[in-house]
Protein chains: 2
Amino acid sequence: MRMSATEEYGLRCLLVLARQGTEGQMSVSDIAEAEGISVPYASKLLAIMRQAGLVTAVRGRKGGFRIRREPSEINLLEVITKLGGPLLDPDHCAKRTGQLEQCIHTDNCSVHDILGSLAGKIAGFLAGTTLNDLIEKERLMVLPRVGSDQSDAKQIQG
Amino acid sequence: MRMSATEEYGLRCLLVLARQGTEGQMSVSDIAEAEGISVPYASKLLAIMRQAGLVTAVRGRKGGFRIRREPSEINLLEVITKLGGPLLDPDHCAKRTGQLEQCIHTDNCSVHDILGSLAGKIAGFLAGTTLNDLIEKERLMVLPRVGSDQSDAKQIQG
DNA sequence: ATAATACTTTACATTTTTGTAAGGTATTTG
DNA sequence: CAAATACCTTACAAAAATGTAAAGTATTAT
């Protein structure tokens, strides 16, 4: 019940691009360096996000990646599910069958039911947080109360 | 961001015992059969839960497993974390460092921050559901409106 | 006592996930 | 047009999770 490596590193790479805005652009090697991961790994994660429509790739000498939409318009649910698949595997019941052909709890599965409810809760939370929220939060963490008091600063979650 | 196999099958085995109550008892082979998994696998999962104090093992010829507390007194957070570890890995930041010695976002990690919030939400949800809730829900699924109308039956979650 | 039953432990095989490597394709600059 | 740069794709290696096997220990019934 944890965030996978793909999901986390993918999100982190996307955040690097989000900080540049939709007009900005960065090469894979710069992104990899920014996150402390290898270039091939960053490359792989960005390829997934490109195919998912989250980022655009520009090839050639002045190439690089850029984020496709405003960070305030991209929520975490979209990012996480595009990197790691849906929160509740669509053929969950076909996979968790143990040694049997079919799961023993076909018409009677409170576990599956509760997983659905849980997935809904998680989805709601993730959908309510955008990349921009994360970036804003970062700023507050780096610069705790610069200048005047910032107690009125936007709170990400309660 | 999904429930692991260990967590799910472990929970399912525990539910089998929960249905018997604290006085009941079942052998590993019966539990394995009830869930459609192999005996050695069920054995392994039950051993984890025994060490975690969720079940008691009785050895010898009339041996078996029994649940240690009332199903209404065991919530899913406890079960899931004892099977799969804490929702947010305590040394998360020490592991997701990419190729670096230390994570690049040490003092500045909005991702970690949001993971903490998310883990809290998930924990709250899981803590609010007991094994008994799941069993009750099952009954309603097997016997939809037996006898008179049951629209006033207990709802597990909204 | 002894055999049968059932939990216990350790080791290992398999599968999935994670991360790396290498060769290919496209674009820009001189 | 050629060389440099940067993305793209496929295949593969390493690590972790999943599931199996086998030999050991404890208890009960005969």
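In the text below, chain A, chain B and the rest are named by the order of the sequence lines, each starting its count at 1. Note that the structure is a prediction, hence the values are computed from the model and not measured.
The salt bridge (charged side-chain N to carboxylate O under 4.0 Å, His left out) test with Arg96(B) is passed by exactly one of Glu8(A), Glu35(A), Glu7(A): Glu8(A).
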**Q.** Under 4.0 Å protein heavy-atom contacts per nucleotide of nucleotides 13-19 of chain C, with B for base, S for backbone only and - for none
**A.** -----SB
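Note: Arg19(A) CZ to Leu134(A) CG = 9.0 Å, rounded to the nearest 0.5 Å. Rounding to the nearest 0.5 Å gives a distance of 14.5 Å between CD1 of Ile31(A) and OH of Tyr41(A).
Using a 4.5 Å cut-off on side-chain heavy atoms (C-beta onward), Met49(B) and Leu14(B) make contact. Between Leu54(B) and Lys82(B), the closest side-chain pair of non-hydrogen atoms falls below 4.5 Å. With contacts defined as side-chain heavy-atom distances shorter than 4.5 Å, the pair Asn132(B)/Glu70(B) does not qualify.
Sequence neighbours left out, the pairs with a member in residues 101-122 of chain B that pass ring-ring contact (aromatic ring centres under 6.0 Å, His included) are His92(B)-His112(B).
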Report all interatomic pairs (protein N or O, nucleotide N or O of nucleotides 22-26 of chain C) with separations under 3.5 Å.
{"residue": "dT25(C)", "atom": "O2", "partner": "Arg59(A)", "partner atom": "NH2", "Å": "3.0"}
{"residue": "dA26(C)", "atom": "O4'", "partner": "Arg59(A)", "partner atom": "NE", "Å": "3.3"}
{"residue": "dA26(C)", "atom": "O4'", "partner": "Arg59(A)", "partner atom": "NH2", "Å": "3.3"}

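Remark: side-chain polar atoms of Glu138(B) are not paired, donor with acceptor, to backbone N or O of Cys109(A) under 3.5 angstrom. Formation of a donor-acceptor pair under 3.5 Å by the Asp133(A) side chain with backbone atoms of Thr130(A) is found in this model. The backbone N or O of Leu45(A) lies less than 3.5 Å from no partner atom in the side chain of Arg50(A), so there is not a single donor-acceptor pair. Remark: the backbone N or O of Lys62(B) is paired with a side-chain donor or acceptor of Gln25(B) at under 3.5 angstrom. Under the 3.5 Å distance criterion, the side-chain polar atoms of Asn75(A) are matched with a main-chain donor or acceptor of Glu78(A). With hydrogens and angles disregarded, no donor-acceptor distance shorter than 3.5 Å links the side chain of Arg66(B) to the backbone of Gly21(B).
The minimum heavy-atom distance linking Arg12(A) with Val111(B) is given by the pair CG-CG2, 4.0 Å.
Residues of residues 10-27 of chain B having a heavy atom closer than 4.0 Å to DNA chain D: none are found. A heavy atom lying under 4.0 Å from DNA chain C marks the following residues of residues 45-54 of chain B, by number: Arg50(B), Gln51(B).
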Q: Applying side chain to side chain donor-acceptor pair (under 3.5 Å), run through Ser29(B) and Ser27(B) and close with a yes or a no.
A: CA-CA 5 Å; Ser29(B) 44; Ser27(B) 69; 3.1 Å; yes
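Running 5' to 3' along DNA chain D, contacts with non-hydrogen atoms of chain B at under 4.0 Å begin and end at dT18(D) to dA29(D).
Along DNA chain C, the nucleotide closest to Gly63(B) and the one closest to Gly63(A) are compared, and the more 5′ of them pairs with Gly63(B).
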